[in-house]
Every structure is written in C-alpha cells, then in structure tokens.
Amino acid sequence: VQRAEAHPFKPLMCFILMLCVVSVTNVLPPHSTIRPGSPVPVNTNNPGVRKAARFGVYRYNNSSNDLFLFKESQIKKAMIQIVRGLKYMLHVEIKRTVCEKRDHASLDSCHFQREKNLQRMLRCYFEVWITPWTHKVHILVAHCE
C-alpha cells in the first residue's frame with residue numbers, strides 16, 4: 001500500500017465541499033473496488049445533498065404545469081461523484097405543497113397538502129452538478145413520475 005502525500009489544503013477543501021470522501025491518509029484498502037472519480041454513497045442528511053435535492057425540485061417546479069409547488073419530502077438514496085465539481089445522483093420523493101406557484105413562496109415555509117384530493121407524491125431521480133468555485137449549478141437529469 002502506498003501513501004500519498006498529504007495535500008496542504010485538504011482540510012479546507014473538505015470544509016468547503018462539506019464532504020470528505022477520501023480518508024485523511026489518502027490510502028485505499030489493497031483490493032478496493034473504489035476508484036477515483038467513481039460515484040460513492042453519501043448520507044442523505046448531508047447539507048450538500050439536501051441543497052442539490054432542492055435544486056432538482058426547483059427544476060421540477062419550473063417545468064411542471066401544476067398549480068402548486070412541490071417540495072422534497074424524503075431523500076431515499078444519494079450518491080456523489082467528484083468530477084470537475086460535485087455530481088449528485090439522488091432518488092427523492094417530492095410532495096405537493098399548499099403554496100401556489102403564482103405566490104412565489106419560499107419552499108421552506110410551504111407545508112405539504114393536507115386535503116386528500118390535492119395530495120400528490122412523485123418519485124424523482126435528479127442528477128445535479130455543482131461547481132462551488134464558480135457558483136454554478138447544472139441540473140443534468142430531472143425525471144419524476
């Protein structure tokens with residue numbers, strides 16, 4: 001097993017990215033199947049994952065003809081790939097809220113529909129590519145059904 005030199009900005013990079021996929025010593029187990037640039041599972045409560053899910057929901061809301069806004073109700077599975085930024089691959093359940101699109105309400109203050117005939121849940125797959133140093137977000141895939 002070879003040891004890589006410690007990168008002087010590694011702690012700062014980990015803080016900025018809010019996620020450290022590589023161990024402090026940068027050493028992989030001898031027969032590891034993990035390769036640099038490969039997607040890896042990440043905690044669904046990770047702040048970066050939650051932010052990426054919200055971007056996916058924004059895309060869905062902007063492209064749907066629904067009168068109401070949808071909001072993420074549960075992030076079921078999350079993967080991340082480091083590739084010229086962070087690419088999030090997310091399986092998310094979204095639900096219709098009581099907020100109408102024309103009100104332009106903040107999703108944080110929107111509650112889920114309580115009326116049975118207006119409730120709706122969709123399962124979505126989002127791929128969100130974020131380059132933090134350029135402050136750009138690209139929604140590569142936003143598929144809901």
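In this chain, residues are counted from 1 in sequence order.
Residues passing the ring-ring contact (aromatic ring centres under 6.0 Å, His included) test with H143, sequence neighbours excluded: none. Every residue was checked against the salt bridge (charged side-chain N to carboxylate O under 4.0 Å, His left out) condition with D103, not counting sequence neighbours, and none meets it.
For the salt bridge (charged side-chain N to carboxylate O under 4.0 Å, His left out) condition, no pair includes a residue of residues 128-142, sequence neighbours left out. Listed by first then second residue, pairs satisfying ring-ring contact (aromatic ring centres under 6.0 Å, His included) with a partner in residues 44-67 read Y60-F70, not counting sequence neighbours. For the disulfide bond (SG atoms under 2.5 Å apart) condition, the pairs that include at least one residue of residues 70-104, sequence neighbours left out, are C99-C110.
The side-chain heavy atoms of D108 and R54, taken from C-beta on, include a pair separated by under 4.5 Å. Side-chain atoms of N45 and R50, non-hydrogen and from C-beta on, do get closer than 4.5 Å to each other.
With hydrogens and angles disregarded, a donor-acceptor distance shorter than 3.5 Å links the side chain of S73 to the backbone of E93. In this structure, the side chain of Q81 does not engage the main chain of L86 through any donor-acceptor pair within 3.5 Å. Side chain of T97 to backbone of L69: a donor-acceptor contact under 3.5 angstrom is found.
Rounded to the nearest 0.5 angstrom, H138 NE2 and T131 OG1 are separated by 5.5 Å.
Hydrophobic cluster membership is shared by V137 and V42, with clusters built from Ile, Leu, Val, Met, Phe, Trp and Tyr side chains linked at under 4.5 angstrom.
Grouped by direct or indirect side-chain proximity (heavy atoms under 4.5 Å, Ile/Leu/Val/Met/Phe/Trp/Tyr only), F68 sits with L67, L118.
Scanning all heavy atoms of the two residues, the minimum distance from R120 to D66 falls at NH1-OD2, 4.2 Å.
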